[in-house]
Amino acid sequence: MAMQETTYRDALKLALSEAMTADDSVIVMGEEVGRYGGAYGVTKNLISEFGPERVIDTPISEAAIVGAAVGAAMTGLRPVAELMYVDFIGMTMDQLANQAAKIRYMFGGQIGVPMVLRTQGGTGRSAGAQHSQSLEGYVMHTPGLRLAMPATVEDAYHLLRQALQQPDPVVFIEHKGLYTMKGVLDPDVEPAEWGRAKVLREGKDLVIVTYSRQVHHALAAAEEMASKHGIEAAVVDLRTLNPLDFDTIRPLVEQAGRAMVVSEGVMTGGVAAELAARITEECFDFLEDPVVRVAGEDIPISVSPLLEQNSVPTPDLIVETARKMFA
Amino acid sequence: MAMQETTYRDALKLALSEAMTADDSVIVMGEEVGRYGGAYGVTKNLISEFGPERVIDTPISEAAIVGAAVGAAMTGLRPVAELMYVDFIGMTMDQLANQAAKIRYMFGGQIGVPMVLRTQGGTGRSAGAQHSQSLEGYVMHTPGLRLAMPATVEDAYHLLRQALQQPDPVVFIEHKGLYTMKGVLDPDVEPAEWGRAKVLREGKDLVIVTYSRQVHHALAAAEEMASKHGIEAAVVDLRTLNPLDFDTIRPLVEQAGRAMVVSEGVMTGGVAAELAARITEECFDFLEDPVVRVAGEDIPISVSPLLEQNSVPTPDLIVETARKMFA
Amino acid sequence: MKNSTLPKLYEDMRRVRTFEERVGELFVRGQSAGSMLHLSIGEESAAVGVCAAMQDGDTFTTHHRGHGIFLARGADPNRMMAEIAGKDCGYCHGKGGSMHIADMGLGHLGANAIVGGGIPAVVGAGLSARHQKSGAVSVAFFGDGATGQGILYESMNMAALWKLPVMFVCINNQYGMGTRIDQATANPNLHERAEAFGLAARTVDGLDVEDVAEAATELMDGARAGTPAFLAVDCYRFYGHARKDKSPYRAEAEEDEGRKKDPVLRAREKLIEAGLMTEADLDALDATVAKEMDGSIDFAVAGEEPQMASMFRDVYDPSQPEPEPVRVRLDRVLAQG
Amino acid sequence: MKNSTLPKLYEDMRRVRTFEERVGELFVRGQSAGSMLHLSIGEESAAVGVCAAMQDGDTFTTHHRGHGIFLARGADPNRMMAEIAGKDCGYCHGKGGSMHIADMGLGHLGANAIVGGGIPAVVGAGLSARHQKSGAVSVAFFGDGATGQGILYESMNMAALWKLPVMFVCINNQYGMGTRIDQATANPNLHERAEAFGLAARTVDGLDVEDVAEAATELMDGARAGTPAFLAVDCYRFYGHARKDKSPYRAEAEEDEGRKKDPVLRAREKLIEAGLMTEADLDALDATVAKEMDGSIDFAVAGEEPQMASMFRDVYDPSQPEPEPVRVRLDRVLAQG
Ligand SMILES: Cc1ncc(C[n+]2csc(CCOP(=O)(O)OP(=O)(O)O)c2C)c(N)n1
Ligand SMILES: Cc1ncc(C[n+]2csc(CCOP(=O)(O)OP(=O)(O)O)c2C)c(N)n1
Ligand SMILES: [Mg+2]
Ligand SMILES: [Mg+2]
């Protein structure tokens, strides 16, 4: 790989095509991943490079797609199954949570299920209540499933590459609002380790812990806080929610004494709750304020762009909340 | 209804049969609910009382059972669908979370989905990884779904009765370890309101917030704390997780300054996380210690009785934890 | 020839065709809510032919490509277009959009953005009809792609077992996104599956709306009498899957051929041949329809955005408290400090 | 008559029958882990007949009533019984139990407590076999009740579409818990569904294990060559659904009649009739099997409970950190104060 400017989408494709070149057991399967090239174009042209036996267009059968990936992973393949929208995870939850996640344990450690389930979520396309959700909370609450959610072009590439090395099932959730984002892949920069959070911005006053597209909202908000309101916020990109890297977060929160978690998923019972609870448990004596949750509203997503945009955290809301913390 | 000693199981049946007598639109449907009488006997003999058109044995088709209940609820029936084990919720998550939960909102308030999905969960029968889970966390994280989890004979009766009056879909999760528990139904005692938590034990030192079977573990633990360790713990039974009654909890925690949440569901990303985050947010200035989460281990459940029992909170663990809080 | 229903069937199909063309226009003007707009051009006979067999009180669910079906059941194109634009005056107050239009008054239990998602609801509606002795049938409309979804078979099995007044209508436009039906199944004779579950089942060519109406009527009457049914209507998706798809996966020759299966054109020809309407009559009718549908665009564009406050409404019944907005909660939480 | 496989088929069936009887005994002695024990008595010909058609390297998944199938594929009854007792020396170290026995060495991709849950895995195993050119077939065993699960149809459709070396075996013991097959479907000719999806499909009477073996061999050879197949084996569940179920929903007369379809007895009769084995030979064989299976109970009972520390093992790969136990976390959290 040479240093290159690319997009989140193409970085994902690069990771897939490199993995398929390096390892014949890697296959891609899902709805429209072949001839169509993927609903969001991530698998474009892979079928001409690797053929229809390794880039497999499936019927619209989400449950069996995941189930077939489980069986393939148990018998020597490294399947990358694609779920076109994370909103369709409901159809697959039995195969994902009762089978993929538990097989190693139930069978006493005889075998793992080294599969990757690629999917995408989030708002931004007026796609309505069944095509705009952020359902990582279901996955994080399921022991046995790894969970990666790249926010940057670099991580789209490196996390997917690393997911394909994991011995256990990985749910890999992209954000539909990031596919066209540009960034640079530099082979000379050592990638962050799998399972490690990254501090994308330092800041002594407040620690913002987030992931996926909200990383960019948090960074924009932190800039504004710094320039307009004199608040210096650190921004931590979790990158993976399982494993969860608390070691990176702890010292920052202990130092700043204030933390905010930002998630596009609905607030109640979601990822933001886990992060807030965890930070509080581990850093209680250092906290000046309760850990603040800025998360998706406890409602479905509307097709109306106005309602859609305001159903999830915006940079404005992050700034506004931080200002209240220091009011 | 006359005052009577009964069981959790029979209290549920009484609520169903009274509702079916009072309202011809109430129907029961699910696997083995009719001739067999329900896997745990809750619907025993209902079919002879109300006939096979109102007590409907279904094929083993969880997704379509929930989907059919949705359609029935939209067209004038009041279906009570039974999911034999909450572990099978994976098959139904699309119909439950994308359909039942969102129909009112997506359709701009035109119609609700007044259905009840009865199911049961929890450990205690060496039933293994796919028949012993506590999956209320998935439900609580889904806006639009109400969630009731009775701990007592009284609540088995009253909450189910009330669930059948709700205008919105209710997921009603019983605990497989409670069906044979005895208690008294007294028609002269005014039932607690739907959506209200109950303080089952007063205590100035610590507030234990819990629900379902763990209520009994918490009560047993609180007795032991009081008698052996001089710790007076209040025990709050949430009864419903949506609605969540925070008004009952707040003053207790403000007074005690210490709170513990107890849940059989796995810890990470689950109900315990939400409760801990919420209590912390609302009572931060009053807390002496971080809110402590005593929850299911982040692992699947084993069939081995020894491992099974130790995978979820026990009265001993609750006592041990409380003692550490005061050490 | 007197009492022919063809003029009405033609008019209904023309209204669907023109409405869908206007939806395309709304998108091009940048005034639709998003681009997930699935046009049913080429499938008019399925919508109109089957709906001709339905009666007042019957209920139905549709898929993501359901505009035409609902129009054929009597929808107000203004409120449909407004919903597609995400406006408050739309059928769902701008919350649903193109893929979630519903109207309880007309028995429309809802369009669905989940392939197969609306199918089992008709089983429940069938139970209601039986219980209420209403005589109503409930019809599930879905695409060929939905035959990949297990819930279809679960639902058909229940309907057949319980002899419910239910009908399954598969609009086989040959494609699920970029996948041709023979790339999604080894046996594209879809009605054979329904037969194996014990339903009355047929496939009909969608070129001629009268053929569709006839097949649908026969099966629907059977369903009403307790023999649940399945009907596949063969047609061709004239354009891309959604507004932005240019169908690069289809050969031009195939598309040209496929678009020859045009039920609107065919009905027009038949009307003229049979002397039921003249070319001039038809042009006049088409112009009236065009005007009506132009009006729908105007109505939609003029409509107001939903109010921000409506965001928290209708998650639960109006008798219940609304969910607390994040801002309100944060104010409370941070007021403590 | 020389080279008859019937003696071996009989022995395998007898081992299944006796093993299951011992499982019942383990329960009665209070030494099983729980009561969710589903005995396959009456279904021996399905397990043994189909497994006779399998080869080394083939893989399979089973349902909750899968002891017999795995025994027929060569399982060690000691480790099975120990697993059923929840012991560390069981196949899954006491984590799986009766409904989750698996053994990668023998190609057993796992029993499943979710009805239909193990079915799609064979599609994936079929993809692997094709990719690796291993020549292996993957077989899904499931009950008639699983025909209610949509995932069966999704899986059969994929297998047929991709011409995978996959076989679906439906052990139709007439009941899913208390529900007789005709109370669960309008058309109990289950193979017709598979045909409609494009698979080679048959139903065979399970009374005679040789008939089952023959049908299975024909279909399995076809599957190996790229024609995926479906076989329904008709039999009768002799006893209750699980250990505690006394089948009050079945008439005694029906049970008496049903238990006449006894493949073990039938094979015994045939062996004697054909002069392949004498009654004395058979009694001796039965006694040897009985002794072996008694030994399994002893092995299971003598086995140790799993260590508490093993609870956190094998959630993830051993190269990864184990999940932090609640106690350890609480100690850390509360140490702060
Ligand atoms: C469960 C589910 N899977 C996938 C999708 C994405 N998707 C939307 S439409 C479609 C194709 C559907 O094809 P078909 O059922 O034939 O309907 P058509 O678009 O041809 O009208 C797909 C795959 C979805 N919306 N829901
Ligand atoms: C998805 C799912 N639904 C329901 C159950 C409960 N259950 C266990 S076995 C069974 C009956 C299965 O019948 P069948 O498939 O015919 O197998 P059999 O028990 O007759 O061998 C049921 C309903 C389950 N385990 N999984
Ligand atoms: Mg189609
Ligand atoms: Mg059976």
Side-chain angles (χ1 to χ4, degrees), chain A residues 24-25 27 29 52-54 56-77 79 81 91 94-95 98-99 101-115 143-146 166-169 195 242-243 278 280-286, chain D residues 59 61 83 90-97 99-105 109-110 112-114 116-132 134 136 138 150-151 153-155 157-158 161-162 306 310 313-321 323 329-330 332-333 336-337:
Chain A
D24 179 59
S25 71
I27 62 161
M29 61 190 294
E53 304 235 322
R54 291 184 66 200
I56 303 173
D57 278 319
T58 67
I60 309 175
S61 308
E62 285 79 10
I65 291 168
V66 173
V70 169
M74 291 176 77
T75 50
L77 291 178
M91 255 108 28
D94 182 68
Q95 287 298 318
N98 274 336
Q99 314 297 340
K102 294 185 171 60
I103 277 173
R104 186 189 290 279
Y105 193 83
M106 290 191 300
F107 299 167
Q110 289 183 56
I111 185 126
V113 184
M115 64 178 276
L145 298 179
R146 300 302 191 183
Q166 294 306 307
D168 295 303
N242 181 348
R278 187 84 193 262
T280 308
E281 282 168 358
E282 308 241 356
C283 307
F284 186 74
D285 290 341
F286 300 85
Chain D
T59 57
T61 60
E83 188 58 39
Y91 266 105
C92 308
H93 300 300
K95 282 177 172 160
M99 297 196 289
H100 301 293
I101 294 178
D103 182 47
M104 298 310 127
L109 304 181
N112 219 299
I114 298 294
I119 294 174
V122 301
V123 173
L127 287 172
S128 286
R130 184 175 77 181
H131 188 85
Q132 295 151 355
S134 67
S138 193
I151 204 161
Y153 306 99
E154 298 187 2
S155 301
N157 186 48
M158 282 182 181
L161 175 64
W162 297 329
S310 76
R313 199 177 299 150
D314 295 325
V315 182
Y316 304 101
D317 183 78
S319 66
Q320 310 286 315
R329 183 179 51 83
L330 288 171
R332 208 183 54 248
V333 167
Q336 283 180 78

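With chain A as the partner, the residue from D/G117, D/S155, D/A136, D/P323 showing the most heavy-atom pairs under 4.5 Å is D/G117. Considering only heavy-atom pairs separated by less than 4.5 Å from chain A, the leading option among D/Q132, D/Q320, D/E154, D/H93 is D/E154. Chain A forms the most heavy-atom pairs under 4.5 Å with one residue out of D/C92, D/P306, D/A129, D/A121, and that residue is D/C92. Of the listed residues A/M74, A/E53, A/M29, the one with more heavy-atom pairs under 4.5 angstrom with chain D than any other is A/E53. Each of D/L330, D/D103, D/T59 has some count of heavy-atom pairs under 4.5 Å with chain A, and the biggest count is that of D/D103. Counting heavy-atom pairs under 4.5 Å between each of A/D24, A/I65, A/V70 and chain D puts A/D24 at the top.
There is no contact between D/E83 and chain A, counting heavy-atom distances below 4.5 Å. A/N242 touches chain D through its side chain: at least one heavy atom from C-beta onward sits under 4.5 Å away, while N, CA, C and O do not. Using a 4.5 Å cut-off between heavy atoms, D/T61 makes no contact with chain A at all. Both the backbone and the side chain of D/V315 come within contact range of chain A, each with at least one heavy atom under 4.5 Å from a heavy atom of that chain. Contact of A/Q166 with chain D is made through the side chain alone, with heavy-atom distances under 4.5 Å. For D/L161, the part lying under 4.5 angstrom from a heavy atom of chain A is the side chain only. For D/R313, the part lying under 4.5 angstrom from a heavy atom of chain A is the backbone only. Neither the backbone nor the side chain of A/M91 comes within contact range of chain D; no heavy atom of the residue lies under 4.5 Å from a heavy atom of that chain. D/L127 touches chain A through backbone and side chain together, each having a heavy atom under 4.5 Å away. Proximity to chain A is limited to the side chain of D/N112, based on heavy atoms less than 4.5 angstrom apart.
The nearest pair of heavy atoms linking D/N157 to A/P59 is ND2-CG, 3.6 Å.
Using a 4.5 Å cut-off on side-chain heavy atoms (C-beta onward), D/R329 and A/E281 make contact. Proximity of D/W162 to D/V123: side-chain heavy atoms (C-beta onward) are separated by under 4.5 Å at one or more points. Residues D/M158 and A/S61 have side chains in contact (heavy-atom distance under 4.5 Å, counting atoms from C-beta outward). Proximity of A/F107 to A/K102: side-chain heavy atoms (C-beta onward) are nowhere separated by under 4.5 Å. At least one side-chain heavy atom of A/R54 sits less than 4.5 Å from a side-chain heavy atom of D/H131. Under the 4.5 Å side-chain criterion, counting only non-hydrogen atoms from C-beta, D/S319 is in contact with A/P167. Residues A/I56 and A/P52 fail the side-chain proximity criterion, which asks for heavy atoms closer than 4.5 Å. With contacts defined as side-chain heavy-atom distances shorter than 4.5 Å, the pair A/I103/D/H100 does not qualify.
A/R146 forms a cation-pi arrangement with D/Y316, by the criterion of a distance under 6.0 Å to the ring centre and an angle within 45° of the ring axis.
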